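Since the structure comes first, as structure tokens, the remarks are kept for the end.
Source: prediction; values computed, not measured. All values below were derived from every heavy atom in this structure, side-chain atoms included, with hydrogens, water molecules and symmetry-related copies excluded.
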Amino acid sequence: MKPSIIELARKTKSELQKVPNFTVENENGKIVFEGETDVTGLDIDKILEIGNRVVVVYPDDSELNKPQQGKGLNKPAIIHLYNCKPRKPYEYEAFKKKLKEVCEKNQSTFINWNENTFEWVFRV
């Protein structure tokens with residue numbers, strides 16, 4: 001997480017209400033929330049999951065109420081998913097096309113897919 005938990009603990013309440021480009025990352029990917037994010041009172045472990053080739057923010061089965069657009073973590077973000085490989089080697093163009101279609105279906109913007117690192121980047 002950027003800033004780290006330790007860095008967040010040192011911030012004042014007013015600083016926690018305006019964390020620039022708040023980032024959550026694990027072995028499966030990362031999410032960079034664009035602009036300033038109010039992180040006060042957020043339980044990241046309940047709100048956000050970055051899994052293998054999937055990201056869930058405010059799960060439907062959660063007891064959490066999803067805030068209005070622009071509040072909490074319900075805001076524009078750049079998502080990086082790692083290890084997004086095609087099932088059949090070397091079918092890179094078809095796989096890239098499929099990722100673009102997934103973005104379009106989910107009303108997100110395809111940014112890139114790197115065939116060397118298998119990192120897929122898109123904006124929601």
Side-chain angles (χ1 to χ4, degrees):
M1 189 172 350
K2 292 181 187 175
S4 70
I5 296 290
I6 293 170
E7 291 170 315
L8 289 173
R10 293 180 181 150
K11 292 188 179 290
T12 66
K13 184 174 181 178
S14 63
E15 290 173 324
L16 290 172
Q17 292 171 332
K18 298 177 183 178
V19 176
N21 297 317
F22 180 62
T23 302
V24 178
E25 183 172 19
N26 67 17
E27 67 278 358
N28 296 307
K30 74 177 175 182
I31 303 177
V32 180
F33 294 93
E34 298 181 311
E36 294 180 340
T37 301
D38 180 356
V39 299
T40 56
L42 295 180
D43 186 340
I44 301 300
D45 291 333
K46 288 185 180 178
I47 295 172
L48 176 64
E49 177 189 345
I50 305 172
N52 184 26
R53 300 170 103 173
V54 66
V55 172
V56 178
V57 182
Y58 295 102
D60 291 335
D61 63 351
S62 166
E63 70 276 0
L64 300 168
N65 291 324
K66 186 175 184 177
Q68 67 183 18
Q69 179 68 35
K71 302 290 184 187
L73 300 183
N74 188 12
K75 59 182 294 183
I78 304 291
I79 299 176
H80 301 247
L81 291 177
Y82 308 147
N83 202 30
C84 292
K85 298 178 184 178
R87 292 177 193 219
K88 295 181 181 176
Y90 308 110
E91 291 189 359
Y92 295 144
E93 285 308 311
F95 187 68
K96 189 173 186 176
K97 181 181 176 187
K98 177 70 173 171
L99 294 176
K100 287 180 179 181
E101 290 170 359
V102 169
C103 284
E104 187 175 308
K105 177 183 173 192
N106 292 304
Q107 299 175 344
S108 58
T109 304
F110 177 88
I111 295 174
N112 189 41
W113 176 70
N114 185 311
E115 66 184 51
N116 296 311
T117 63
F118 305 113
E119 181 176 346
W120 175 23
V121 183
F122 57 98
R123 183 176 190 271
V124 295

- Cluster check Val56, Tyr58: I/L/V/M/F/W/Y, side chain < 4.5 angstrom: no
- Query: Going hydrophobic residue to hydrophobic residue with side-chain gaps under 4.5 angstrom, can you get from Tyr82 over to Val102?
  - Reply: no
- Determine whether more than 12 heavy atoms belonging to other residues, nucleotides or ligands lie under 6.0 Å from atom CD of Glu104. no
- Check step by step if side-chain contact (heavy atoms from CB on, under 4.5 Å) holds for Val55 and Leu48. CA-CA 8 Å; Val55 172; Leu48 176 64; 4.3 Å; yes
- Nearest heavy-atom contact between Val57 and Leu73 is CG1-O, 3.9 Å
- Query: Leu81, Phe118: one ILVMFWY side-chain cluster at the under-4.5 Å cut-off?
  - Reply: yes
- Message: Let me confirm one number: the CH2-CD1 distance from Trp120 to Ile111, rounded to the nearest 0.5 Å.
- Response: 11.5 Å
- Note on the structure: Between Ile50 and Val24 the two heavy atoms that sit nearest each other are CD1-O, 3.6 Å
- Message: Test of understanding: clusters of I, L, V, M, F, W, Y form through side-chain heavy atoms closer than 4.5 Å, transitively. Do Ile5 and Phe33 belong to the same one?
- Response: yes
- Note on the structure: To the nearest 0.5 Å, atom CD1 of Ile47 lies from atom CG of Asn74 at 10.5 Å
- What distance separates Arg87 CZ from Lys98 NZ, expressed to the nearest 0.5 Å? 9.5 Å
- Message: Is there a side-chain contact (heavy atoms from CB on, under 4.5 Å) between Met1 and Phe22? Walk through the geometry before answering.
- Response: CA-CA 8 Å; Met1 189 172 350; Phe22 180 62; 3.4 Å; yes
- Inter-residue atom distance Arg10.CZ - Leu16.CG, 0.5 Å rounding: 13.0 Å
- Message: I'd like to know if the side chain of Asn26 and the backbone of Gly29 have a donor-acceptor N/O pair within less than 3.5 Å.
- Response: yes
- Item | Residue pair Asn114 / Asn116: nearest heavy atoms and the distance that separates them | OD1-N, 2.7 Å
- Determine the sole option in Lys75, Gln17, Lys18 for which the side chain to side chain donor-acceptor pair (under 3.5 Å) test with Thr37 is passed. Lys75
- Does the side chain of Pro76 reach to within under 4.5 Å of the side chain of Gln69, using non-hydrogen atoms? yes
- Query: Donor-acceptor pair, Lys71 side chain versus Asp38 backbone, under 3.5 Å?
  - Reply: no
- When His80 is tested against each of Glu119, Lys30, Glu25 for side chain to side chain donor-acceptor pair (under 3.5 Å), which residue passes? Glu119
- Could you pull out the closest heavy-atom pair between Ile31 and Ala77, with the gap in Å? CG2-CB, 3.6 Å
- Task: Check step by step if side-chain contact (heavy atoms from CB on, under 4.5 Å) holds for Leu8 and Val19.
- Result: CA-CA 9 Å; Leu8 289 173; Val19 176; 4.2 Å; yes
- Should the ring pair Trp113 and Tyr92 be called parallel, tilted or perpendicular, given that the plane angle runs from 0 to 90° and is split at 30 and 60? tilted
- Task: State whether the number of non-hydrogen atoms from other residues, nucleotides or ligands found under 6.0 Å of Gln107 atom CD is greater than 12.
- Result: no
- To the nearest 0.5 Å, how far apart are NZ in Lys96 and CZ in Phe110? 5.0 Å
- Nearest heavy-atom approach of Glu34 to Asn21 is CA-OD1, 3.9 Å
- Would Leu42 and Ile79 show up in the same hydrophobic cluster when neighbours are defined by side-chain heavy atoms closer than 4.5 Å? yes
- Message: Would Asn106 and Ser108 count as a side chain to side chain donor-acceptor pair (under 3.5 Å) here? Give the steps.
- Response: CA-CA 6 Å; Asn106 292 304; Ser108 58; 5.6 Å; no
